[in-house]
Amino acid sequence: MEKKWWHGKAAYQIYPKSFCDSNGDGIGDLQGICGKLDYLKDLGIDLVWISPIYQSPFVDQGYDISDYYALDKAFGTMEDMDRLLAEAKKRDIRIIMDLVVNHCSDQHEWFKKAIEDPYGPYGKYFYILEGRDGKVPCNWRSYFGGSVWDKLPGHDNLYYLHMFAKEQPDLNWENPLLREEIYRMIRWWLEKGVAGFRLDAIINIKKDLRFKDFPADREDGMCSCSQMLKYAKGVHEFLQEMKEKAFKPYGAFTIGELFDFRKEELKRYIGTEGCFESIFDFAPHLLGGSGKGWYDRKKVTPDQYRDAVFASKAFSQDTGMMANIIENHDEPRGVSHYLPEGEVTEESKKMLGGLMMMAVGLPFLYQGQEIGMTNQTFTDICQVEDISTLDEYQVALDHGLSREEALKAVARMSRDNARTPMQWDDSPHAGFTAGKPWLKENENYREVNVKEQEGREDSVLSFYRAMLKLRKSVEYGEAIVYGKQIPWMEKEKEFMAFYRKGEKRQLLVLANFRKEERKVQVKEEIRRIVADNCRKVSAWGMEEPKEWKEGLLLKGYQFLVLDVTP
Ligand code: GLC
Ligand code: CA
């Protein structure tokens with residue numbers, strides 16, 4: 001694998017609306033982020049992705065952009081942005097933006113002009129088709145429910161395509177003029193000092209232009225629009241062009257959000273010839289999924305989790321570096337999702353985080369993960385803001401679930417779980433705002449917050465800090481960043497263990513993924529305990545205790561990193 005400047009770094013996602021509110025309007029903002037840069041630096045973060053802050057009607061929380069060159073007033077001014085970039089630079093932190101270019105907002109001037117004149121130049125910025133026998137052009141279902149087609153306002157038999165909400169019309173990448181507009185906009189932000197982008201839903205920019213029906217996969221007679229991705233060929237040509245014309249001249253860092261890509265094409269996405277620097281590793285997040293909807297999702301078991309991570313690393317680690325996550329703004333909180341109910345403790349939270357940080361890949365934390373934030377408790381559907389959750393709730397009701405069952409089913413998966421305010425301290429609203437937060441905070445903020453964990457050596461936060469420090473250490477950095485990941489005892493139930501074999505150092509990572517203890521016989525001589533989630537961080541670095549010679553006794557959810565260099 002070709003070495004890159006970012007391989008040894010650590011990254012962090014900020015969901016700006018919920019991170020820190022500086023002016024008491026209940027919405028997080030750029031000044032709020034600015035005030036927390038030292039916190040991020042202390043945590044060991046080098047790269048920060050901020051979810052969309054552009055001007056937006058917020059139908060999909062900013063993923064519907066009405067002006068790519070303007071910031072939404074809720075987040076602050078362009079001066080605030082310049083100050084944030086300058087302050088971040090002082091601390092050697094790079095800021096990357098969200099690039100949402102599969103679609104824009106129906107309030108964008110391009111779309112307004114397309115409505116005025118569908119056959120004019122801006123009509124060609126979108127996919128506008130005539131209906132078929134007075135009906136929609138084909139039977140694709142959008143990711144957020146309902147047809148991907150909606151009537152172009154004011155035109156009887158014209159429909160426009162939207163893979164997401166109807167307020168998010170898809171941009172027509174086949175049109176070279178549209179592509180040039182996008183590249184110009186990217187260069188404009190890079191000129192400003194942004195270090196790169198996370199590319200939203202990017203695989204969707206190439207469509208199967210036949211726009212034909214596929215067999216229905218639900219009672220509604222439609223099929224998921226992701227079906228068409230199987231037949232949409234040539235996305236790489238767009239992506240390579242974007243790289244050449246926009247990213248490469250600036251040495252930008254790019255990370256793609258890709259769900260449905262062909263595995264054999266990995267080389268075209270990452271590594272030497274890839275069109276991105278990295279992509280997120282979503283392998284564990286796909287587990288338990290169901291074509292029927294969230295209500296039908298299965299709980300993920302520890303063995304499934306391990307197998308998914310191992311398979312993903314086996315197929316990717318020689319090609320390039322993917323980014324490891326346990327959660328993001330679209331997923332439930334990792335600790336609530338991957339740990340068995342009733343077994344979510346500080347130890348198990350640290351174990352899950354430790355596994356993520358020790359696996360090959362760029363650790364990409366999501367705000368609040370570092371203190372072990374958990375899912376929200378929803379008691380009524382009116383507490384939900386997220387468009388996708390509301391759709392899934394309806395899907396569950398339509399399937400015959402009671403309101404109570406439907407709420408329970410979607411609550412586990414709701415994207416709002418991760419969007420509750422960041423828990424800074426135990427003051428009202430978790431110290432996120434002096435006003436009323438736009439989304440209710442999680443009640444557990446009195447126990448789970450940054451302030452409480454900051455000075456405590458055995459806290460989740462201290463653990464994350466120590467693990468990220470290890471990644472940069474002279475002693476173990478090379479093994480953690482570049483060491484080959486090799487599974488160990490992968491058939492053992494509720495157990496996840498692997499080697500990281502570096503040039504100088506060899507590490508063995510052990511995780512007892514259950515609450516009962518377990519005895520393990522390590523073959524190698526243990527030189528040192530590099531990390532241990534059951535001990536405070538100042539006690540790490542010990543020699544192997546004598547009693548381990550007889551076999552090592554792992555406590556429930558214990559996580560160990562051992563130096564077993566021959
Ligand atoms: C991506 C975003 C998600 C958004 C969708 C449409 O998946 O992460 O939040 O709803 O794209 O832009
Ligand atoms: Ca604010």
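Whatever order the structure lists ligands and atoms in, that order sets their numbers, starting from 1.
Interatomic distance, Asp208 CG to Lys206 NZ, rounded to the nearest 0.5 Å: 10.0 Å.
Geometric assessment of Lys207 against the ring of Trp140 yields a negative cation-pi assignment under the 6.0 Å and 45° thresholds. The cationic group of Arg210 lies under 6.0 Å from the six-membered ring centre of Tyr231 and within 45° of the ring axis, placing it in a cation-pi geometry. Remark: Lys17 is not positioned above the aromatic ring of Phe19, lacking an NZ or CZ atom under 6.0 angstrom from the ring centre and at most 45 degrees off the axis.
If you look at Asp29 and ask which of its N, O or S atoms sits nearest the Ca ion (ligand 2), the answer is OD2. Shortest distance from the Ca ion (ligand 2) to Asp21 is reached at OD1 (N/O/S atoms only). When you scan the N, O or S atoms of Asp25 for the one nearest the Ca ion (ligand 2), you land on OD1.
Looking only at heavy atoms of the protein, atom 9 (O) of ligand 1 is closest to Asp330 OD1, 2.7 Å. The nearest protein atom to atom 1 (C) of ligand 1, hydrogens excluded, is given as Asp200 OD1, 2.6 Å; this is a heavy-atom distance. For atom 5 (C) of ligand 1, the nearest non-hydrogen atom of the protein is Phe164 CE2, 3.7 Å.
Ligand 1 has no atom lying under 4.0 Å from any heavy atom of Glu331. Judged by the shortest distance from any of its heavy atoms, Phe144 lies inside the 4.0 Å radius around the atoms of ligand 1.
Between Glu180 and Arg184 there is no salt bridge, since no side-chain N of the basic residue sits under 4.0 Å from a carboxylate O of the acidic one. In summary, Arg446 and Glu443 engage in a salt bridge, as defined by a charged side-chain N under 4.0 Å from a carboxylate O. Between Lys90 and Glu87, at least one side-chain nitrogen of the basic residue sits less than 4.0 Å from a carboxylate oxygen of the acidic one, meeting the salt-bridge criterion. Using a 4.0 Å cut-off between charged nitrogen and carboxylate oxygen, Lys298 and Asp296 count as a salt-bridge pair.
Considering only non-hydrogen atoms, atom 7 (O) of ligand 1 lies nearest to Glu257 out of Arg419, Glu257, Arg415.
Annotation for ligand 1: atoms under 4.0 Å from non-hydrogen atoms of Asp60 are 4 (C), 5 (C), 6 (C), 10 (O), 12 (O). Shown in contact with His329 at under 4.0 Å from a heavy atom are these atoms of ligand 1, numbered in order with element: 2 (C), 3 (C), 8 (O), 9 (O).
Put simply, the angle at the Ca ion (ligand 2) from OD1 in Asn23 to O in Ile27 is close to 150°, to the nearest 10°.
Heavy atoms of Met163 found under 4.0 angstrom from ligand 1: none, in either backbone or side chain. Using a 4.0 Å cut-off between heavy atoms, His103 contacts ligand 1 through its side chain alone, with no backbone atom that close.
With respect to Phe126, the ring pair (Phe, Tyr, Trp, His ring centres under 6.0 Å) criterion is satisfied by exactly one of Trp173, Tyr160, Phe111: Phe111.
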